[in-house]
Structure formats: C-alpha cells, structure tokens
Undergrad: 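Just passing along the structure, written as structure tokens.
Here is how names work: the chains are called A, B, and so on, in the same order as the sequence lines, proteins then strands, and each is numbered from 1. Quick caveat: nothing in here was measured; it's all calculated off a predicted structure.
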Number of protein chains: 2
Amino acid sequence: MNNENLKGHLDFLLLSVLATGPAHGYAVIESLRQQSGGHFDLPEGTIYPALHRLESQDLLKSYWQENFPRRRRVYELTPKGKKVLAQRREEWLAFSNAVNATAGI
Amino acid sequence: MNNENLKGHLDFLLLSVLATGPAHGYAVIESLRQQSGGHFDLPEGTIYPALHRLESQDLLKSYWQENFPRRRRVYELTPKGKKVLAQRREEWLAFSNAVNATAGI
DNA sequence: ATACTACACCTAGTATTACTAGGTGTCAAG
DNA sequence: CTTGACACCTAGTAATACTAGGTGTAGTAT
C-alpha cells in the first residue's frame, strides 16, 4: 500500500485515534489499521517520529508505563491537541469537499 | 490557504480538470480555483512543474498554440492519462473513506 | 507616453513529509 | 533456545509543493 497521498493528513489521523483515549505507539498503529479497514498499515518509522513531532508541538503529552508487561510510552491529547484536532477535522472536510467538487464526485 | 495537505493529490486534481477538455497551464489554475469553490488557489510554481512531470510520465501531451492571442502550451490527457485518472479516482475514494472511518466521520 | 495589471510561461532552491533500513531490547511459545 | 510478536528508536532518502525569483506580451488607465 503506497500511502504517498497520506502526506499532510497523518497528524489528523493520529489525533483522531488518540481522541478515543490514551494509547502507546504500537497500539496506535493497530488502531489505524483496524479503524481504517486495513487501509492504513503504517510502518513504525512513520508513526514514532510523527508522535514525537506532535508532542513537541504540545498537541500530545506522554509518560512511560513500566512493566505492563513491557515498557511503553503512552500518549494522550493535550487541551491544545483537542482544539487542533477540531480544526484539522474542519480542514479535512473542506479539503475533501473541494477535491470532490473538482473531480466531479 | 495552506495546502500542505494537497500532497499526493495534486496529480489527481490536474488530471480531473483536464478530463473536461484540453487547457493551458494558466487556465488550469483558474479551473481549479473555480471548480473547488475557491479552495484551491495554487501558485504557478506548483502547477507548471506538475504538468511537466505528468507529461514526462506520458499522462499528458502538449502542443504550443502561437498567437491566440498569446502563446500558450495546451495540455490534454493521453490514453494512459485517462486510465491513470480512473485509477487515481478509485484511490482517492478509498483514501477518503479510510480517513472518514478512522476519524469517525 | 508610460505605468500598471492580467495573462502566460519558466526554474533553482527550500521546507516538509513519510518512508526505508537499520538498530535495541523483552517476553512468550514452540 | 530460537523464533516471532511486542515495543521502542533514528539517520538518511525520496518525493512533493512551494517560494521567490525570472522573461515577455497585451491591454488599460493615467
């Protein structure tokens, strides 16, 4: 699955997944796969740097869970992250409407 | 309008616009703006290299129109371009469905 | 006359992004 | 005791859209 067209929308997807509750990176990958019906099967090299980026932008915060049964870094939305998610959602709707209108869909 | 999220979908939009008939670069920009309801107001530095890329991939062919009233390079879809457009359309539908499912839309 | 705008094309360089391709380590199952 | 799933990480790469310039014509306004 070549997801070249994912660019610019990954943040929205990650924030959406984490809006349903805190999760660690590996679980985020699994959620993306399941919630998208298998469409988004993204490599770790995509997810982890993206989570770090979102955290550095103060949209996520994280903490280490030790021994449950493995150590995990759990991410959750910050208040700012929730606001940005709502904004990204509007942008996505506007974008997809614009594409549909342009393509006659 | 920051169109960072356009990445990976521009080719689909250009092919879609040219599916309604041959057009030159400047007119493509105008069509994109109008058909998208003003959402896609793309700079020339985006459009021209993209058209060249699509032509080099044999999805478009072009010819010069001299003095009508200015010289223009007119682009149209090749047969391969039409096939790829149909494919890109399916990919877009699958992608947008997957995003909507993931985001709970 | 001349400045300005719209039309019409072009490209070198930049920033951002997602991905590739590696790496570390734990734990359970066979 | 090795394999595979779990779980994390990052340096470097390729692709993409954009910025910021450039050229030139035609028409309109001052």
Undergrad: Taking side chain to side chain donor-acceptor pair (under 3.5 Å) as the definition, give me every residue that meets it alongside Q34(A), ordered by chain and number, with sequence neighbours left out.
TA: E30(A)
Undergrad: Just to be sure I understand the geometry, which residues of residues 50-61 of chain A put a non-hydrogen atom under 4.0 Å away from DNA chain C?
TA: R53(A)
Undergrad: Got a sec, which residues hit side-chain contact (heavy atoms from CB on, under 4.5 Å) with S62(A), two or more places apart in sequence or on another chain?
TA: E55(A), R73(A), Y75(A)
Undergrad: Report the end-to-end axis angle of the helix from dA1(C)-dT30(D) to dG30(C)-dC1(D); each axis comes from five terminal pairs, and the value is rounded to 10°.
TA: 10°
Undergrad: Among residues at least two apart in sequence or on other chains, which ones pass side chain to side chain donor-acceptor pair (under 3.5 Å) with R88(B)?
TA: none
Undergrad: Does a nitrogen or oxygen in the side chain of R73(A) sit under 4.0 Å from OP1 or OP2 of dC9(D)?
TA: yes
Undergrad: Among Ile, Leu, Val, Met, Phe, Trp and Tyr joined by side-chain contacts under 4.5 Å, find the other residues sharing a cluster with Y48(B) and list them by chain and number.
TA: Y26(B)
Undergrad: Could you pull out every donor-acceptor pair under 3.5 Å between side chains of residues 11-24 of chain A and any protein atom, sequence neighbours left out?
TA:
from, atom 1, to, atom 2, distance (Å)
D11(A), OD1, R53(A), NH2, 3.0
S16(A), OG, F12(A), O, 2.9
T20(A), OG1, V17(A), O, 2.7

Undergrad: Taking ILVMFWY side chains as joined if any heavy atoms are under 4.5 angstrom apart, and letting links pass through other members, which residues group with V74(B)?
TA: Y63(B)
Undergrad: Which residues in residues 11-28 of chain A have at least one heavy atom lying under 4.0 Å from any atom of DNA chain D?
TA: H24(A), G25(A), Y26(A)
Undergrad: Of the options dC19(C), dA7(D), dT17(C), whose atoms approach the side-chain atoms of R72(A) most closely?
TA: dA7(D)
Undergrad: Would you say Y48(B) places a side-chain N or O within less than 4.0 Å of OP1 or OP2 belonging to dC10(C)?
TA: no
Undergrad: Please evaluate the base of dT16(C) for a donor-acceptor partner in the side chain of K7(B) within a cut-off of under 3.5 Å?
TA: yes
Undergrad: For D58(B), what residues pass the side chain to side chain donor-acceptor pair (under 3.5 Å) criterion, not counting sequence neighbours?
TA: none
Undergrad: If the condition is side chain to side chain donor-acceptor pair (under 3.5 Å), which residues does N97(B) pass it with, not counting sequence neighbours?
TA: none
Undergrad: Just by protein heavy atoms under 4.0 Å, how would nucleotides 22-27 of chain D read 5' to 3' in B, S and -?
TA: ---BB-
